[in-house]
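Okay, here's the structure, questions in a sec.
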Amino acid sequence: MSLADRYYITTAIAYANNRPGLHTLFEVIGADVIARWHRMKGDDTRFLTGTDEHSVNIAQRAAELGKAPMEFANENVALFRAAEDALLISPDRFIRTTDPDHVRTAQEMVRRAYANGDIYLGTYEGWYCPAEGFKTASDVVETPNGSQCPNHPTVPLQWLSEHNWFFRLSAYQERLERHFEDHPDFARPDYRRNEMLGFIRGGLEDFSISRAGADWGIPFPIMPDGSSSQRPDGSWDPAAGKIYVWYDALINYVTGAGFPDDPAAFAHWWPADLHVIGKDIARFHTIYWPAMLWSAGLEAPRHVWIHGFLLAQGERMSKSLGNFLDPIDVVKTLGADGARYVTLREVAFDKDTDVSWDSFVRRYNADLANDFGNLLNRTISMANRYFDGERPAVGPEAGLAGVWADTLAVYGDRLEGCLLHDALRALWDVVGAANRLVEAEQPWTLAKAMKAGDEAAGVRLRAVLGDLVEACRLIALAAAPFMPTAAPRALAQLGYEYPYGPDGNGGPALLDELRWGGHAGQAGRLMTAEPLFPRLETEAATPAAG
RNA sequence: GGCUGGGUAGCUCAGUGGCAGAGCAAGCGGCUCAUAAUCGCUAGGUCGUUGGUUCAAAUCCAACCCCAGCUACCA
C-alpha cells in the first residue's frame with residue numbers, strides 16, 4: 001500500500017436499544033486504531049461507525065417506556081456518543097439508520113435489486129414469539145406440548161405466514177464461491193472464511209427483505225405491482241410495508257460513502273477497504289452483502305475482518321447477563337488511553353477472550369505504569385539531572401536502532417493484519433529492551449565518572465540517554481493510534497512538537513517520523529518528568545458497578 | 001450428527017520433527033535514575049487421553065475425551 005492511498009474502514013452499526021458496554025465498543029476501539037494508523041501514515045482515511053435504529057424490538061421497547069421510537073433512539077444514541085467520546089473514538093461520520101440520506105440509499109438499493117430482477121414477492125413462514133419476535137427453526141424447542149420459545153416457555157408460539165419480498169441470494173452462489181476463491185483474504189481470519197465458504201457450498205436460499213405491518217422502519221419503495229409506493233404528496237403507502245433488517249442495516253456502508261447522492265464521493269470511497277464486524281454477523285457481511293451490492297451493480301468490499309467476543313468467566317459478556325464492563329468506568333479508572341490500550345492488548349482481535357477487571361488493572365500497571373510510563377519517567381529524570389534539561393541526541397552506535405527497525409516492521413504488519421494485540425506485544429519488546437539498557441549502562445555510574453572529570457564517560461552517558469529518549473519518542477509515536485493523548489503528552493515531555501491533529505490527521509507521514517534518529521540534529525529541552533500513567537492501587541481500582 | 005478452531009507453567013498464551021518457551025502472578029538476590037519502580041536468578045508442565053510412525057513427536061497418523069464456533073433469515 002503506497003502513501004496517499006485512500007482508506008475506508010467501517011464498524012458494524014450498533015443496535016441502539018440501551019447504553020453500550022465495552023464488549024460492544026471493543027470493535028469500535030479497534031477500528032478507530034486502524035483508522036488513526038492510516039490517517040497518520042498519510043492515507044486519505046474515512047472511518048464510519050454508527051447505530052442501527054429500526055426494528056420491532058426498538059419500537060416495542062419505546063412503547064413500553066411511553067416514548068416515540070425516535071425519542072428513544074435519540075436517547076440511546078446520545079449514550080453511545082458519550083461513551084465513544086470518552087474513548088476518543090474519531091469517526092469521520094457517525095451514521096444513524098434514521099438519517100434521511102440513509103433512508104434514500106436503502107430505498108435506492110431496493111429499487112436497483114428490483115430492476116435487476118433479484119427481488120420477488122413470496123411468503124415468509126416461521127415461528128413467532130409474541131414476547132421476542134421471529135424465531136428460527138433451530139431456536140425453537142420441541143416439547144411434548146408442542147414447539148416452545150426457549151426464552152419464554154410460557155408464551156405460546158405462533159406460526160406466522162407473511163406475504164413479503166425476497167432477495168434472490170440463490171442466484172449468486174457461484175459468483176460468491178468464485179469471489180472467495182479469487183480473494184482468499186476477503187473474509188478473515190481464515191477459519192471464519194472457511195465457515196462462510198462451507199455455508200455457501202451448502203447451498204444458498206433466498207431471504208426476505210420486507211415486513212408488513214411494522215410502522216417503525218424505512219418504507220419499502222415498491223408496491224406489489226411494481227409501481228412506486230410513494231404518493232403524490234411525498235408520503236409512503238403503508239401497504240408497501242417496511243424494509244427488513246439487512247436491506248437497511250448493511251446499506252449504511254454505502255450511504256456513508258456517498259451513494260447515490262454524491263457520485264464523486266462514492267467513486268472515491270467505494271469499495272470499502274475493511275469492514276470490522278463481530279462473528280455473529282459474519283454471514284450477512286460476507287455472503288448477503290456482496291450479493292446485494294452486485295445486484296445493484298456495485299463492487300463488494302475488499303476485506304471483512306471478523307472478531308470474537310469478550311467473555312467473563314467463560315460466558316459471553318452481554319447486557320442481559322449483566323456481566324459486562326461499563327466503558328465509562330474503565331475510562332474513569334484507566335484513562336481513555338489506558339482503557340484503549342488495555343482493552344486491545346488483553347483481548348485478542350481474532351477470537352474470544354476472557355477478561356476481568358483484575359486483568360485490566362494488572363495489565364495497566366505492568367505495561368503502562370511500570371514498563372513504559374516508568375521508562376519515560378526515569379529517562380527524562382536522568383537527562384534533566386545530568387544535562388540540565390538539554391535533550392541528549394542519539395548515540396553513534398545505538399543497539400536499540402536495530403531492535404527498533406525489526407520491531408516496527410512486525411508492528412506494522414500485525415496492525416494492518418488486524419492482529420492488534422500482537423502488534424502491541426511486539427512494540428512492548430522495545431520497552432523491555434530499553435529498560436534493560438538502563439541496567440546494563442548504569443547512567444548514574446557514568447554520571448559520577450563524568451563529574452569526576454572522565455570525558456569518555458560523559459560522552460557515553462549522553463549517547464545512552466539520547467538513545468533512551470529516542471526509544472521513548474518512537475514508542476509513544478508508534479503507539480499513538482492506540483493512545484492518542486498519551487502520545488502528545490509523552491512527546492511534549494521529551495521536548496518534541498506533536499504534529500498530528502486530535503484525530504490523527506495532518507502532520508508528516510508516520511513511517512518517516514518513525515525512523516530511528518529521524519530528529520537527530522534537532523535540539524530541544526526536556527520538561528519536568530510527570531508520570532504518564534499513574535500506578536493504580538489494586539484495592540482502589542474497583543469499578544463503580546462492583 | 002457433520003464441518004471448523006482449541007485443550008502447553010497458578011493465569012493469558014507462543015511454539016507444525018531436534019534438549020519444553022514468553023509475559024503476568026510467586027520466591028530470592030542486585031541496583032538506586034525512576035511511578036514500592038527496574039534488572040537478574042529460582043521455582044513451577046506425563047504439552048487432554050491412549051496407541052502408532054520415527055534415531056527423535058507438543059509437533060505427523062489413528063481412535064477417544066473435554067471446551068468453543070458454524071450448520072439460514074436475531075441488530
Side-chain angles (χ1 to χ4, degrees), chain A residues 12-17 24 51-58 97 124 126 129 132-139 166-167 169 189-199 201-209 244-246 248-250 278-284 287-288 306 308-309 311 314 316 345-348 350-356 358-359 362-363 365-386 421-422 425 428-429 432 434-447 461 465 468 529-537:
Chain A
I13 46 176
Y15 195 39
N17 66 336
T24 302
T51 44
D52 184 6
E53 304 174 24
H54 292 130
S55 88
V56 233
N57 291 343
I58 288 200
T97 53
Y124 175 78
C129 171
E132 195 172 337
F134 282 90
K135 307 300 297 180
T136 72
S138 53
D139 284 341
F166 280 74
F167 176 76
L169 183 64
D190 285 346
Y191 75 100
R192 293 290 174 202
R193 170 183 184 272
N194 292 338
E195 283 179 6
M196 294 305 112
L197 193 49
F199 184 87
R201 287 180 173 148
L204 296 176
E205 293 171 15
D206 301 342
F207 61 94
S208 62
I209 64 167
Y244 180 60
V245 188
W246 303 115
D248 177 350
L250 291 169
K279 63 183 185 180
D280 52 337
I281 49 178
R283 187 196 315 145
F284 310 111
I287 298 174
Y288 288 25
I306 301 152
F309 292 140
L311 310 178
R316 177 180 175 182
R345 179 65 185 80
E346 278 293 295
V347 185
D350 58 342
K351 56 186 177 188
D352 293 357
T353 308
D354 214 279
V355 301
S356 67
D358 282 351
S359 70
R362 264 205 303 278
R363 178 64 74 178
N365 276 338
D367 285 14
L368 296 181
N370 297 351
D371 287 348
F372 180 58
N374 186 54
L375 171 68
L376 182 72
N377 199 245
R378 70 199 303 208
T379 297
I380 293 172
S381 170
M382 285 190 283
N384 268 323
R385 174 171 310 199
Y386 304 141
H421 58 299
D422 279 340
R425 173 164 35 194
W428 250 246
D429 285 349
N435 273 320
R436 284 191 294 276
L437 181 71
V438 176
E439 306 299 324
E441 295 289 347
Q442 299 190 14
W444 49 92
T445 305
L446 291 169
L461 176 61
L465 287 175
L468 291 170
E530 183 104 16
L532 204 55
F533 302 104
R535 191 180 161 80
L536 297 171
E537 294 310 322

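So that the names make sense, note that chain A is the first sequence line, chain B the second, and so on, each numbered from 1.
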- Toward the 5' end of RNA chain B, which comes first, A/Asp367 or A/Tyr386, by nearest nucleotide?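 With A/Asp367 and A/Tyr386 compared, the 5'-side residue is A/Asp367.
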
- Item | ring-ring contact (aromatic ring centres under 6.0 Å, His included) against A/Phe372, all qualifying residues, sequence neighbours excluded |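 ring-ring contact (aromatic ring centres under 6.0 Å, His included) check on A/Phe372 returns A/Trp428.
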
- Item | Gap between atoms CD and P, on A/Gln442 and B/G40 respectively (whole Å) |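 Roughly 13 Å, once rounded to whole Å.
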
- What is the distance from CD of A/Glu195 to P of B/G2, rounded to the nearest Å?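 After rounding, the reported distance stands at 17 Å.
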
- Min side-chain heavy-atom separation A/Asp280-A/Arg316 under 4.5 Å: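 A side-chain contact exists here, since the closest heavy-atom pair is under 4.5 Å.
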
- Residue met sooner reading RNA chain B from 5', once A/Leu532 and A/Arg436 are mapped to nucleotides: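 Result: A/Leu532.
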
- Query: When we call it a touch if two heavy atoms are under 4.0 Å apart, what does A/Pro443 touch: a base, just sugar-phosphate, or nothing?
  - Reply: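 Since no nucleic acid heavy atom lies under 4.0 Å of A/Pro443, the category is nothing.
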
- Item | Spacing of the C1' atoms in B/A14 and B/C47 (rounded, Å) |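 So the two C1' atoms sit 13 Å from each other.
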
- Message: So, OP1 or OP2 of B/C3: does either fall under 4.0 Å of a side-chain N or O from A/Asn194?
- Response: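 No.
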
- Starting at atom CG of A/Leu536, determine the distance to atom P of B/U35, rounded to an integer number of angstrom.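 So the CG-P distance, A/Leu536 to B/U35, works out to 16 Å.
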
- Message: At 4.0 Å (heavy atoms only), tell me whether A/Asp280 reaches a base, stays on the sugar-phosphate, or touches nothing.
- Response: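 Answer is base: heavy atoms of A/Asp280 come under 4.0 Å of a base.
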
- Item | Same-atom distance (P) from B/C60 to B/U16, integer angstrom |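 Straight-line distance between the two P atoms is 9 Å.
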
Would you list the protein and nucleotides 7-15 of chain B atom pairs, both N or O, that sit under 3.5 Å from each other?
unit_1, atom_1, unit_2, atom_2, d
B/A14, OP1, A/Lys351, NZ, 3.4

- Determine the Euclidean distance between corresponding P atoms of B/U59 and B/G18; express it in Å to zero decimal places.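 Comparing P positions in B/G18 and B/U59 gives a spacing of 11 Å.
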
- Between B/C24 (P) and A/Leu368 (CG): distance, integer Å: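 The distance from CG of A/Leu368 to P of B/C24 comes to 13 Å, rounded to the nearest Å.
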
- Message: What's A/Gly373 touching, base or sugar-phosphate or nothing? Going by heavy atoms closer than 4.0 Å.
- Response: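 The residue A/Gly373 makes base contact.
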
For nucleotides 42-45 of chain B, list the nitrogen or oxygen atoms of the protein found under 3.5 Å from its nitrogen or oxygen atoms, one pair per line.
none

- Rounded C1' spacing from B/G17 to B/C55 in Å: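 12 Å, rounded to whole Å.
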
- Task: Please state whether the phosphate of B/A75, meaning OP1 or OP2, lies under 4.0 angstrom from any side-chain nitrogen or oxygen of A/Tyr244.
- Result: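 For A/Tyr244, the contact criterion (side-chain N or O under 4.0 Å from OP1 or OP2 of B/A75) is met.
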
- Item | Test side chain to side chain contact (heavy atoms under 4.5 Å, CB included) applied to A/Arg362 - qualifying residues, sequence neighbours left out |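 Counting only residues at least two positions away or on another chain, A/Arg362 forms a side chain to side chain contact (heavy atoms under 4.5 Å, CB included) with A/Asp358, A/Ser359.
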
- Pick the C1' atom in B/G30 and in B/A22, then give their distance to the nearest Å.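 Result for the C1' pair: 23 Å, nearest Å.
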
- Task: Report yes or no: does A/Asp52 contribute a side-chain atom to a donor-acceptor pair with the main-chain N or O of A/Ile13 at less than 3.5 Å?
- Result: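 Such a contact is absent between A/Asp52 side chain and A/Ile13 backbone.
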
- Task: Answer whether the closest heavy-atom distance between the side chains of A/Glu530 and A/Ile380 falls below 4.5 Å.
- Result: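 With C-beta onward as the side chain, the pair stays apart.
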
- Determine the contact category for A/Phe533: base if any of its heavy atoms lies under 4.0 Å from a base atom, sugar-phosphate if only primed atoms, P, OP1 or OP2 are that close, otherwise nothing.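 If one applies the 4.0 Å heavy-atom cut-off, A/Phe533 turns out to touch a base.
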
- Of the candidate nucleotides B/C33, B/G69, B/A75, which contains the atom at the shortest distance from the side chain of A/Asn57?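 The closest nucleotide is B/A75.
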
- Side-chain heavy atoms of A/Leu461 within contact of A/Met382, under 4.5 Å: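 No, too far: nothing below the 4.5 Å cut-off.
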
- Message: For the C1' atoms, the ones on B/C19 and on B/G51, what distance do you get once it is rounded to whole angstrom?
- Response: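 Going atom to atom, C1' in each nucleotide, I get 25 Å.
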
- Query: How is A/Arg535 classified with respect to the nucleic acid when contacts are heavy atoms under 4.0 Å: base, sugar-phosphate, or nothing?
  - Reply: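 Base contact.
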
- Could you tell me whether A/Asn377 contacts a base, only the sugar-phosphate backbone, or nothing, with contacts defined as non-hydrogen atoms closer than 4.0 Å?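 Result for A/Asn377 = base.
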
- Query: To the nearest 0.5 Å, what is the distance between CZ (A/Phe284) and CH2 (A/Trp246)?
  - Reply: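 Atom-to-atom, A/Phe284:CZ and A/Trp246:CH2 are 4.5 Å apart.
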
- Message: Going by ring-ring contact (aromatic ring centres under 6.0 Å, His included), name the residues that satisfy it together with A/Phe199, two or more places apart in sequence or in a different chain.
- Response: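 Per chain and number, A/Phe199 pairs via ring-ring contact (aromatic ring centres under 6.0 Å, His included) with no residue.
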
- Would you mind telling me which of B/G69, B/C33, B/C74 lies closest to the side-chain atoms of A/Phe284?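 Selected nucleotide: B/C74.
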
- Query: Heavy atoms under 4.0 Å, any strand shown: does A/Ser208 hit a base, just sugar-phosphate, or nothing?
  - Reply: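 Since a base atom lies under 4.0 Å of A/Ser208, the category is base.
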
- Under 4.0 Å between any heavy atoms, over every strand shown, what does A/Leu375 touch: base, sugar-phosphate, or nothing? Just pick one.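 A/Leu375: no heavy atom of the nucleic acid under 4.0 Å.
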
- Write down the distance separating the C1' atoms in B/C13 and B/G7, rounded off to the nearest Å.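 About 12 Å, rounded to a whole number of Å.
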
- Hey, is A/Arg193 close enough to A/Asp190 for a salt bridge, meaning N to O under 4.0 Å?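 Salt bridge flag = no for A/Asp190 with A/Arg193.
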
- Message: Please name the nucleotide paired to B/U38 by Watson-Crick or G-U wobble geometry with both distances under 3.5 Å, or report none.
- Response: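 Checking every strand shown, B/U38 finds its partner in B/G30, with both distances under 3.5 Å.
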
In a table with atom names and distances, give each donor-acceptor pair under 3.5 Å that connects a side chain of residues 435-447 of chain A to protein atoms at least two apart or in another chain.
unit_1, atom_1, unit_2, atom_2, d
A/Asn435, OD1, A/Arg378, NH1, 2.9
A/Asn435, ND2, A/Asp371, O, 3.2
A/Glu439, OE2, A/Arg378, NH2, 2.9
A/Glu441, OE1, A/Arg460, NE, 3.0
A/Glu441, OE1, A/Arg460, NH2, 3.2
A/Glu441, OE2, A/Arg460, NH2, 2.7
A/Gln442, OE1, A/Thr445, OG1, 3.0

- Task: Name the nucleic acid region contacted by A/Leu204, choosing base, sugar-phosphate or nothing; use a 4.0 angstrom heavy-atom cut-off, strictly under.
- Result: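 It contacts base atoms.
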
- Task: Identify which nucleotide among B/U35, B/G69, B/C74 has an atom closest to any side-chain atom of A/Asn374, counting heavy atoms from C-beta outward.
- Result: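 The answer is B/U35.
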
- Task: Please state how far atom CG in A/Asn365 lies from atom C1' in B/G23, giving the value in whole angstrom units.
- Result: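 Distance, rounded to whole Å: 15 Å.
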
- Item | Between P of B/U32 and CG of A/Leu446, the distance in whole Å |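 Going from CG in A/Leu446 over to P in B/U32 covers 13 Å.
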
- Closest to side chain of A/Asp52, choosing from B/C33, B/A75, B/C74: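 Ranking B/C33, B/A75, B/C74 by closest atom to the A/Asp52 side chain puts B/A75 first.
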
- Item | Separation of A/Glu346 CD from A/Asp367 CG (nearest 0.5 Å) |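 Output value for this atom pair is 8.0 Å.
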
- Message: As an exercise, state the distance from CG of A/Asp248 to CD1 of A/Ile209, rounded to the nearest 0.5 Å.
- Response: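 Going from the CG atom of A/Asp248 to the CD1 atom of A/Ile209 covers 11.5 Å.
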
- B/G5 C1' sits how many Å from A/Ile306 CD1, rounded?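 The answer, rounded to whole Å, is 14 Å.
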
- Query: Can you tell me how far the CD1 atom of A/Ile58 sits from the OG1 atom of A/Thr97, to the nearest 0.5 Å?
  - Reply: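 That separation rounds to 7.5 Å.
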
- Query: Any idea which of B/C39, B/A75, B/G5 is nearest the A/Tyr191 side chain?
  - Reply: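 So the side chain of A/Tyr191 is nearest to B/G5.
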
- Message: Between B/U8 and B/C67, how far apart are the two P atoms, rounded to whole Å?
- Response: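 Looking at atom P only, B/U8 and B/C67 are 14 Å apart.
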
- Nearest-angstrom distance from the residue atom CG of A/Leu250 to C1' of B/A75: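 Those two atoms, CG and C1', are 10 Å apart.
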
